[in-house]
Amino acid sequence: MVASAVPSPVRAGWLWIQTVGAILGVALLVGACSAGPTPSPSSISSTAGFTPINQMWLRIRVSAMAREMLVPGAVALVRSPAGEVATTYGTTMVGGRVPVSLADHVRIGSITKTWTGTVILQQAHEGKLSLDDPVSKFRPDVPGGDRITIAELLNMRSGLYNYTETRELNEIGDSDPQKVWNPGELLALAYSHPPYFPPGTGYHYSNTNTVLLGLIAERLDAKPLSQVFQDRLFTPLGLKGTSFPPTTSSAIPDPHPQGYMYGSNVLTMGSPAAVPPDMQAAAKAGTLKPSDQTSLNPSWAWAGGAGISTAADLATWVEALTDGKLLDPDMQARRIASLQPTDPAQPDAQHYGLAIAKYGALYGHTGEVPGFNTFAGTDPQNKVTIVVWVSLNPTADGRAAATLIAKGLIDEMYGS
């Protein structure tokens, strides 16, 4: 399972909700939050200059890459001082005739983490908690929680095991896709494994962190997380196409495409999350069709990856992460300053901070769940925003198509 989120993608079936390699995200159950391989930030120029792209180039580039990766449907939107351009590719169903549209709703995977993290930072500003508080202050059930801070949950440095990497979650994702998971069950899976490292001594993308943060946010606001998001984020920003579904629902608001993947969660638990070579060849030849994952219940991702949105809303959202509309100046500055390499030995590796990632000049996040891969990033200096989503995740050869398409657009605009 994917639930994308950032670096060092851990993949595994629909659990890789983690980040496309840390570019941000949530991997399929195991990988649910991750996606991979993810483009290294070192390949994305962070120079101040950029060259706007036009509608025709955007359409040609997105269509070519989507077709090569066997993507059924894709949308790309680019905002810059030159204006807004967007393009669509493919249809809402494999073999169908209805084209995808900019109005379509899709599962956004780990981009949901930026919602949860932003709420926690707002609550910190309000004095409801401190980022230096131990998680045990709010969740005494967390193993070693007296030594793990709220900030370490946000920046993926708690060391807590990522429950989406468990085989059990992936197996159940395949055998009982409509299972309604509750946060306690997800945490129990995580706690059955030892931590990766002592708190604060390393980086490992873990959906366990965000599930805990979601529970804390609910407790502090005394309301369901869906209402917390609506009151604090969606309504203030006018995100009318964005929602956080109840755990009992696997529905996506209309209009929406179907989401597909090749293989199963367990089969794609490796890194990359690719199916065997013979299946890849069959997919390329058209004799192997992807399976429809649209009705998978996203409760397994919850606060870390169950969100739904549209391309336009994602653009508005990711811009709000850097323009000061969501946090006070001091907390916003602290969030941006929190970004650091996910691998200290590689300064050019993806950066991750307080529920936000950075790729070159762009701040944002990626998202991956079985059937959908998303990318949302913004460069506040040059006022460039890029949003891409695709209705296939992972690809037959284990790639995160939306992230790779976004990288191609970034390379073109920034001259990499």
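If you're wondering where the values come from, they're calculated on a predicted model, not measured in any experiment.
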**Request:** Considering non-hydrogen atoms only, spot the tightest contact between Thr112 and Gly109 and give its length.
**Result:** OG1-O, 2.7 Å
**Residues that Pro253 engages under side chain to side chain contact (heavy atoms under 4.5 Å, CB included), provided they are two or more places apart** = His105, Ser243, Ile308
**Message:** By the salt bridge (Lys or Arg N to Asp or Glu O under 4.0 Å) test, which pairs, at least two apart or in different chains, include something from residues 155-164?
**Reply:** none
**Message:** Main chain of Pro245, side chain of Ser249: is a donor-acceptor contact present, judged purely on distance under 3.5 Å?
**Reply:** no
**Request:** Please confirm whether the backbone N or O of Leu77 pairs with a side-chain atom of Glu84, one donor and one acceptor, at under 3.5 Å?
**Result:** no
**Item:** Under 3.5 Å: donor-acceptor pair, side chain of Gln123, backbone of Ala217
**Value:** yes
**Message:** For the residue pair Thr374 / Arg107, report whether a side-chain donor-acceptor contact shorter than 3.5 Å exists.
**Reply:** no
**Message:** If we count only N and O atoms by modelled type, under 3.5 Å, do the side chains of Tyr260 and Asn393 hold a donor and an acceptor together?
**Reply:** no
**Item:** Those residues that, when tested against Ser136, pass side-chain hydrogen bond (donor to acceptor under 3.5 Å, both in side chains) (two or more places apart)
**Value:** none
**Request:** Determine, step by step, whether Asp411 and Lys407 satisfy the salt bridge (Lys or Arg N to Asp or Glu O under 4.0 Å) criterion, reporting the C-alpha distance in whole Å, the side-chain angles of both residues, the deciding distance to 0.1 Å, and the verdict.
**Result:** CA-CA 6 Å; Asp411 287 348; Lys407 178 185 181 298; 2.7 Å; yes
**Message:** I'd like to check the salt bridge (Lys or Arg N to Asp or Glu O under 4.0 Å) partners of Asp146; sequence neighbours left out, ordered by chain and number.
**Reply:** none
**Message:** Within the 4.5 Å heavy-atom criterion, are Gln350 and Leu339 side-chain neighbours or not?
**Reply:** no
**Complete:** Output for pair (Leu153 CG, Thr210 OG1), nearest 0.5 Å, gives 8.0 Å
**Message:** So, taking the atom named CE in Met261 and the one named OG in Ser391, what distance separates them when rounded to the nearest 0.5 Å?
**Reply:** 13.5 Å
**Asked** Looking at residues at least two apart in the chain, or sitting in another chain, which of them share a side chain to side chain contact (heavy atoms under 4.5 Å, CB included) with Met65?
**Response** Arg61, Met69, Leu404, Ile405
**Request:** Run the salt-bridge test on Glu152 and Arg147 with the 4.0 Å N-O cut-off and return the result as yes or no.
**Result:** no
**Request:** Measure across Asn373 and Thr403 and return the closest heavy-atom pair with its distance rounded to 0.1 Å.
**Result:** OD1-N, 3.3 Å
**Derivation and outcome, side-chain contact (heavy atoms from CB on, under 4.5 Å), residues Leu131 and Thr149** = CA-CA 7 Å; Leu131 298 187; Thr149 67; over 6 Å; no
**Message:** Is any side-chain heavy atom of Tyr203 closer than 4.5 Å to one of Asp343?
**Reply:** no
**Message:** Within this structure, what is the CG-OH distance for the pair Leu186 and Tyr191, rounded to the nearest 0.5 Å?
**Reply:** 10.5 Å
**Asked** Hey, does the side chain of Gln178 reach the backbone of Ser250 with a donor-acceptor pair shorter than 3.5 angstrom?
**Response** no
**Prompt:** Going by atom types alone, do Asp104 and His256 pair a side-chain donor with an acceptor below 3.5 Å?
**Reply:** no
**Row check, Trp115 ring normal vs Lys113 NZ/CZ: under 6.0 Å, within 45°** = no
**Message:** As an exercise, state the distance from OH of Tyr363 to CG of Asp323, rounded to the nearest 0.5 Å.
**Reply:** 13.0 Å
**Request:** Mind checking side chain to side chain contact (heavy atoms under 4.5 Å, CB included) for Leu70 and listing every partner two or more places apart, or none if nothing turns up?
**Result:** Tyr262, Ala283
**Message:** Measuring from atom NZ of Lys240 to atom OG of Ser309, what distance do you get when rounded to the nearest 0.5 angstrom?
**Reply:** 14.0 Å
**Request:** Using side chain to side chain contact (heavy atoms under 4.5 Å, CB included) as the criterion, point out the one residue from Val387, Thr242, Thr114 that pairs with Trp317.
**Result:** Thr114
**Prompt:** Can you check whether Val78 reaches Leu58 side chain to side chain, under 4.5 Å on heavy atoms?
**Reply:** yes
**Request:** Would you confirm whether Thr316, through its side chain, and Ala312, through its main-chain N or O, come within 3.5 Å as a donor-acceptor pair?
**Result:** yes
**Prompt:** Is a donor on one side and an acceptor on the other found under 3.5 Å between the side chain of Arg219 and the backbone of Phe138?
**Reply:** yes
**Prompt:** Any salt bridge (Lys or Arg N to Asp or Glu O under 4.0 Å) pairs touching residues 291-320, not counting sequence neighbours?
**Reply:** Arg79-Glu319
**Item:** Distance, nearest 0.5 Å, that separates OG1 of Thr378 from CG of Leu314
**Value:** 12.0 Å
**Message:** Among residues at least two apart in sequence or on other chains, which ones pass side-chain hydrogen bond (donor to acceptor under 3.5 Å, both in side chains) with Lys325?
**Reply:** none
**Request:** Verify whether one side chain among Ser291 and Gln293 offers a donor that lies under 3.5 Å from an acceptor in the other.
**Result:** yes
Name the atoms and distances for all side-chain donor-acceptor pairs under 3.5 Å in residues 228-237, with sequence neighbours left out.
residue, atom, partner, partner atom, Å
Gln230, NE2, Thr235, OG1, 3.0
Asp231, OD1, Gln227, NE2, 2.8
Asp231, OD2, Lys223, NZ, 2.8
Arg232, NE, Asp221, OD2, 2.7
Arg232, NH1, Gln122, OE1, 3.2
Arg232, NH1, Glu126, OE2, 2.9
Arg232, NH2, Glu126, OE1, 2.8
Arg232, NH2, Glu126, OE2, 3.4
Arg232, NH2, Asp221, OD1, 3.1
Arg232, NH2, Asp221, OD2, 3.3
Thr235, OG1, Gln230, O, 3.1

**Item:** Any residue meeting side-chain hydrogen bond (donor to acceptor under 3.5 Å, both in side chains) with Ser63, in chain and number order, not counting sequence neighbours
**Value:** none
**Item:** Side-chain donor-acceptor contact under 3.5 Å, Ser158 with Asn209
**Value:** yes
**Item:** Residue list, side chain to side chain contact (heavy atoms under 4.5 Å, CB included) with Tyr196, at least two apart or on another chain
**Value:** Tyr161, Asn162, Glu165, His204
**Asked** Which atom names give the shortest non-hydrogen contact between Ala274 and Asp397, and what distance separates them?
**Response** CB-C, 3.4 Å
**Message:** For Asp254, give me all partners under salt bridge (Lys or Arg N to Asp or Glu O under 4.0 Å), at least two apart in sequence or on another chain.
**Reply:** none
